[in-house]
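These notes concern the structure reproduced below.
Residue numbers begin at 1 in each chain, while the letters A, B, ... track the order of the sequences. Excluded from the calculations below are hydrogen atoms, water molecules and symmetry mates; all remaining heavy atoms, backbone and side chain alike, are included.
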Number of protein chains: 2
Amino acid sequence: MESKNIVTSDNACVLQEILKVIGGKWSMSIVYILFSGTHRFSQLEKSIPHINTRMLIKELKTLASFDIVSRKVYATVPPTVEYTLTEKGKMLKPIIDDIYEWGKVNM
Amino acid sequence: MESKNIVTSDNACVLQEILKVIGGKWSMSIVYILFSGTHRFSQLEKSIPHINTRMLIKELKTLASFDIVSRKVYATVPPTVEYTLTEKGKMLKPIIDDIYEWGKVNM
DNA sequence: TATAGTACTTACACATTTGTATGTCTTATT
DNA sequence: AATAAGACATACAAATGTGTAAGTACTATA
């Protein structure tokens, strides 16, 4: 079952879908933070320098829609929301570790 | 030397630099093709469905500027140009393999 | 003389992503 | 009565990315 190193419509599609998840400016930073465990919205905001509210919201929404992170809402006042990586999200770890490794060696 | 899972300005920068390389719509497809060896411009164009000239040129230029691919020009008529992955480029293989793997399992 | 082949370049326009600023909701505190 | 806290939403603008169409250079071939 060797790959033939041809970019077909199929695997190009897969690549481009994945870029929707990890290709954004902030996605990998968010996922990286969540590797260390559940975080609240405000904690994420503090942990990621220079991100703004709108972007954090938007990325979390995207990540949730791809089932990379899960949201848990507590009906407190003011509201509390926790974000946690799903199993699918946790499986991104080798990719992001590799990327970091590559970056450290090559940049 | 455990990482502390904090996105600093430094490592966020690394992530964002890497996205300039692998974050474009076509970059990973090009690199993927080049894993199988040196290709000419026209071969790349044929191997990657739906890419257009301008985008291929532009991505190759970016990849070359990051020293991911190298260009070799032959003074023939019409001109011949060969593109090959550099060592740095070849080191992207585990990343892209992981991404594919993740995609196959999760999408 | 016209056309084809190869590797581009340029100008323009449309689309998507990102950023900035401000507003909303509910209740407790000053 | 005004303010703060937490997690958003909304409107708008600026910045980037992507696509389309056409053109360039040189020479061999029909």
Side-chain angles (χ1 to χ4, degrees), chain A residues 7 9 12-13 15-34 38-66 68-85, chain B residues 7 9 12-13 15-31 33-34 38-66 68-84:
Chain A
V7 175
S9 295
C13 233
L15 281 176
Q16 288 167 19
E17 282 298 297
I18 294 171
L19 284 177
K20 288 184 192 161
V21 180
I22 63 164
K25 179 169 177 186
W26 302 105
S27 340
M28 285 200 290
S29 293
I30 296 171
V31 173
Y32 181 72
I33 291 289
L34 292 178
T38 298
H39 281 67
R40 296 179 55 186
F41 183 86
S42 53
Q43 292 179 309
L44 287 172
E45 210 164 9
K46 279 171 202 147
S47 302
I48 302 168
H50 304 300
I51 198 169
N52 60 46
T53 306
R54 200 187 88 93
M55 279 299 113
L56 184 52
I57 293 276
K58 205 172 159 283
E59 288 298 333
L60 286 170
K61 215 178 251 178
T62 303
L63 292 170
S65 81
F66 280 94
I68 306 294
V69 304
S70 62
R71 274 167 52 99
K72 191 163 186 185
V73 184
Y74 296 89
T76 56
V77 172
T80 300
V81 182
E82 286 182 350
Y83 292 90
T84 309
L85 284 182
Chain B
V7 176
S9 295
C13 234
L15 280 176
Q16 286 167 20
E17 285 297 299
I18 295 171
L19 284 176
K20 288 182 192 163
V21 180
I22 61 164
K25 180 170 175 185
W26 303 104
S27 340
M28 285 201 291
S29 292
I30 296 171
V31 173
I33 291 289
L34 291 178
T38 299
H39 282 66
R40 295 179 56 186
F41 184 85
S42 52
Q43 293 178 309
L44 286 171
E45 211 166 7
K46 279 170 205 148
S47 302
I48 302 166
H50 304 301
I51 198 167
N52 60 44
T53 306
R54 199 186 88 94
M55 277 301 112
L56 183 52
I57 292 278
K58 204 172 161 280
E59 287 298 331
L60 286 170
K61 216 179 249 178
T62 302
L63 292 170
S65 82
F66 280 95
I68 305 294
V69 304
S70 62
R71 274 169 53 100
K72 190 163 186 185
V73 184
Y74 296 90
T76 55
V77 171
T80 300
V81 183
E82 285 181 353
Y83 292 89
T84 309

CA sep, side-chain torsions, deciding dist, call: B:K72, B:T38, side chain to side chain contact (heavy atoms under 4.5 Å, CB included): CA-CA 10 Å; B:K72 190 163 186 185; B:T38 299; over 6 Å; no
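A heavy-atom distance below 4.5 Å is not found between the side chains of A:R71 and A:F41. Side-chain contact between B:P79 and B:V73 is absent, with no heavy-atom pair separated by less than 4.5 Å. Taking the side chain as every heavy atom from C-beta outward, B:Y83 and B:Q43 never approach each other to under 4.5 Å. For the pair A:S47 and B:V7, the minimum side-chain heavy-atom distance is 4.5 Å or more. Two residues are said to be in side-chain contact when any heavy atoms from C-beta on lie closer than 4.5 Å; A:L63 and A:L34 fail this criterion.
Nucleotide D:dA7 holds its P atom 15 Å from the NZ atom of A:K72, rounded to whole Å. Counting to the nearest Å, the P atom of C:dT6 and the CD atom of B:E82 are 14 Å from each other. Put simply, CZ on B:R71 is 9 Å from C1' on C:dA7, counting in whole angstrom units. B:I48 places its CD1 atom 15 Å from the C1' atom of D:dT18, with the value rounded to the nearest Å. Regarding B:Q43, its CD atom lies at a distance of 10 Å from the P atom of C:dT6, rounded to whole Å. Distance CD (A:E45) to C1' (D:dA9): 14 Å, rounded to an integer number of Å. The CD1-C1' distance, from B:I57 to D:dA22, rounds to 15 Å in whole Å.
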Summary of protein contacts for nucleotides 13-23 of chain C, nucleotide by nucleotide, where a base hit scores B, a sugar-phosphate-only hit scores S (4.0 Å, heavy atoms): -----BBB---
Under 4.0 Å protein heavy-atom contact, by nucleotide of nucleotides 24-30 of chain D - B base, S sugar-phosphate only: --BS---
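Once rounded to the nearest 0.5 Å, the distance linking CD1 of A:I33 with CD of A:E45 reads 12.5 Å. Put simply, CD1 on B:I30 and NZ on B:K25 are 12.5 Å apart, with the number rounded to the nearest 0.5 Å. Summarising the geometry, atom OG1 belonging to B:T62 is positioned 10.5 Å from atom CD1 belonging to B:I68; distances are rounded to the nearest 0.5 Å. Rounding to the nearest 0.5 angstrom, the gap separating the CD1 atom in B:I18 from the NZ atom in B:K20 is 11.5 Å.
A:Y83 has no side-chain polar atom (N or O) that falls below the 4.0 Å cut-off from OP1 or OP2 of D:dG6. An OP1 or OP2 oxygen of D:dG6 is reached within less than 4.0 angstrom by no side-chain nitrogen or oxygen of A:R40.
Checking side-chain atoms of B:S27 against main-chain N and O of B:V21 turns up a donor-acceptor pair under 3.5 Å.
Nucleic acid contact for A:Y74: none, since no nucleic acid atom lies under 4.0 Å from a heavy atom of the residue.
For the helix from C:dT1-D:dA30 to C:dT30-D:dA1, the axis fitted to the five pairs at one end and the axis fitted to the five pairs at the other end meet at an angle of 40° (nearest 10 degrees).
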